[in-house]
Amino acid sequence: MAGDNNVAVSSAIHVLDSLADVGKALPFVAPAFIILKVIIDIEQRAQEVDIKCSDLLERITFMVSHLPILEKMEIMPGTQKVIDRMVEAMKGAASLIAAYRKQSKIARRLSISNRDKFVQCADAVNNCCQDLLMSLQIYQTGQLEILTRAVPVDEEDIAAQTFVDEHGGSIDAFIHDRELVKEFADQQKFSMDDSVMDQLNANIAETVNQNHQRLEGIIKENVSSAVVDGLKSLVASLNAVESEQTFNCIQCDQPFTNSTNGPTSCSFHRADYDSWSRSFPCCSTNHPCQFQAHRAKHHCDYPYANFFPRARNVTGYTDTNEEWASVEDTNLETDESQKAFIGQLYRWKTRGARLEENTLLITVGRVWYKYPYYFNTFTAKELEDISKSVRVSRRTLIFRTTKEPEEFAMAEWILSVSGKITGVRLTAKTTTSSNPWIRICPIDISTCTKSGDILTPSEGGMRSYTPASPYVLPATVRMGPELSDQQTRPVRTNFKTRSSPSLRVILKAASDPPLEANPNLASTTVDYFIGTVSVFNNNAPGSNVPVTIAGISAAFRLIGDKTYAPVESCKLTDMSPSFPVTIDPRQACQLSFQVAVPRTKEDADQRITWWNRAFCARKQPVRIKVTLEDIEGEEASLVFEYVFKPFPLKKEDPEKHLGFFFFDNPDTSDRHVVEVEKPWSEGETVLRISSQDITVKRLVKAVYQALKTGKTEIDLEIGQEKNDGEWEWAAYALVDISCRRVYAFKIIVKEGNKVPVKRFGCLGYVLCPSYGEVVAQGKTRPISYATEKEKLPPIEPYQMPEYPQEDSVDDYKPPVPPKPSTPLLEIPPALGAAPNGTTTGGGMVMLPPEVTSRLASIDATLLRIAEALERLAPPRS
């Protein structure tokens, strides 16, 4: 077909070249030359070849090829009339071709009346040829066969006529229904752009008339000049670039004009830029992956990057739109959802300007480049125009995501008996649902508002039945002791200074509490203790005897041990002065120290790091004896005690928890808990298990899995292994097959694979709150309990050991005074009896009472002096 057209054009150009001189001699035929040149130029600049234009051009070229004979003839009035008719016919043909070429493939196929106009032009040319031949008598009648054949009909015309007949048989069904035109374009694999609807709504007769007048002006301007000069001027005028309106492409953000816009002029990405991955998810490259024509208006004909931020600005906020009705169904095997929505659009972005007129918003499918979707708006006028088209075509489909009968989302117009749009039907269905979700939203197209209540003819998804009786759950089972988070007793601070007689100092604990564990450093092999000791020089003020401390050391023991063991290290902290430290009489100095107490091998093997707690003292209090040494080697010591205080353990809160399942590990003083909490807010979340939301969708999937497999104990697959296998937990949904709902959750908390012998664990149940849609209110079914298989592993009995919390090793014990009695005085035999005394056998004499009383007073005085000296200078330990 293209080859035939090229032959026709070449032939026409050859005729023009050969008739240059004839045109000079016969200026009355110059309009024919000019018109033919216009047609040829149109053909050369056309982006595509069409059989109708090619055939008509061939006829015109054949007709003009007879003009050289006029050079040898006298032009009679009758022949002049034929020539004038020929010029008019050629002008009409040129105008039609020019108008036809401005239409896209889709518009020219759906404009069924185009063919009639070509037939009329062909008849006019044929009549001119017949009259001209009869007037000139240059050819036989049989040679007119090529001019009398009908305007051809190609396969695309037949397909267009068939499609129009299927949808009402009138082009009126297409001029406002963009989706119907798009369906025809997809069927014929044509490229759809913004100009198609404008072309269908335009009157081609008006366009032909405008082109006819334009050609008339060109002819008048050029007839007076020589034919050759006129042709050159015409070609120059046609090739000149006219000033056109500039548009901005919404796909690539580049300016364009209609004359420069081609099928692949625009380059863009299908998906918008992902700032997290720093790439385009559609192709993972920075180079554009799609090529189409420029578009001036947003559309959903195919995905492009700039569309999705525009859609998110609407769907992601509550002040941009109002929902009237929506449906959504989720495939319980693939998690893919089918959904549709209808509502009113208020603004295009949050806090933006409100639209001036009511605008209907319809979305179908997930708006993302990987999925088929529909996102469009309609004003009242647009709804009126669509209603006219739908009334003729009776095509109510707005959009459908797939043609699959078991998995799709769809929006449809609802028509009255007269064919007027009265509402929108939304449908969503997946293969895992026996029935689709269907909702009907009545609308008033004159005001573009909702005109009634939402109807729900069909409810889809997995809906449950109301149980006929309440569920009774087993009691919680917990294996192992329950720890307390309180100190076993207060810390003792009444320890006495022990010092050599020559080192007169008093030591006091200056920190509260006396010792802090691992406040700044932590290790897996030692526990660090810090404290402060106050050193007081107890020499008399006027004695001028200073005390010089040269060193510090420490030892430790656990309550219950009889002896002290050396620490790993003992040093002064940066806040203390460095040794030696000199203290004047009756003055004090504070020394801050840090002691590293080693852990036992068993404790060190656990590789546990604790902050602000001492791992070595978790079972028994620890005592640290700090010893100070003066410059002469004399020593003084004081005992500091640390009693382990656990961190507060988690406890059940009735206001917060639906279930609280735990076991305590006395070896590490930890509580391993799984909390079942109420949802933070009402909505899709039913409850939370260990900070993980359990949604309605997840429970519906559990029911579907139980119905499909027959297993009624479903692992929710949210359990975790903690502390490198020290403990673990799992959660199971218990499904009532009869009522098709999850009625309870089973929680198992136990020691993990790291522990070879299991001693602790917990198994408990919690009722599932009411969730989701039920089949019918008041319609009940008998309950059925799940068949449970998961349980606690074999548990070894555990007896909590008792550890001593107090002893008297470091207690100060004052000497016991003798009991008062009547003393006996032994007198040597040589001395005899006392003058006032009584002689007893064996040389013993009973002293008088006054002497006895005096001796008792002296003993009491000496005892008080001894106690005072002991307090001032206690003996070395």
Original post:
Once the angle between the rings of Tyr785 and Tyr471 is folded into 0 to 90°, is it parallel (under 30°), tilted (30 to 60°) or perpendicular (over 60°)?
Top reply: perpendicular
Original post:
So, Glu790 and Lys746, do they make that salt bridge, N to O below 4.0 Å?
Top reply: no
Subject >> Glu333 and Lys708 ion-paired at < 4.0 Å >> reply: yes
Original post:
With under 30° as parallel and over 60° as perpendicular, where do the rings of His299 and Tyr302 fit, or are they tilted in between?
Top reply: perpendicular
Original post:
Do Asp444 and Thr449 have side-chain atoms, one donor and one acceptor, less than 3.5 Å apart?
Top reply: no
Original post:
Relative to each other, are the rings of Phe307 and Phe375 parallel, tilted or perpendicular (30° and 60° limits)?
Top reply: perpendicular
Output side-chain donor-acceptor pairs under 3.5 Å for residues 418-426, partner residues at least two apart or in another chain, one line each.
from   : atom 1 : to     : atom 2 : distance (Å)
Ser418 : OG     : Ser416 : OG     : 3.0
Thr422 : OG1    : Ile414 : O      : 3.3

Original post:
Charged N to carboxylate O under 4.0 angstrom, Arg698 versus Asp693?
Top reply: no
Subject >> Stepwise side-chain hydrogen bond (donor to acceptor under 3.5 Å, both in side chains) test for Thr401 and Gln338 >> reply: CA-CA 8 Å; Thr401 54; Gln338 299 289 342; 3.2 Å; yes
Original post:
Looking just at side-chain N and O atoms, do Ser458 and Asn435 make a donor-acceptor pair shorter than 3.5 Å?
Top reply: no
Original post:
So among Leu707, Val703, Thr787, which one has a side chain to side chain contact (heavy atoms under 4.5 Å, CB included) with Ile737?
Top reply: Leu707
Subject >> Close side-chain approach of Phe662 and Val749, heavy atoms under 4.5 Å >> reply: no
**OP:** Specify the closest pair of heavy atoms between Val364 and Ala409, including all atoms of both residues, with the distance to one decimal.
**Re:** CG1-O, 3.6 Å
Original post:
Centres of the Trp368 and Tyr373 rings: under 6.0 Å?
Top reply: no
Original post:
Relative to each other, are the rings of Tyr304 and His298 parallel, tilted or perpendicular (30° and 60° limits)?
Top reply: parallel
Original post:
Are Arg781 and Asp736 within salt-bridge range, i.e. N to O under 4.0 Å?
Top reply: no
Subject >> Axial cation check for Tyr369 ring with Arg270, 6.0 Å and 45° limits >> reply: no
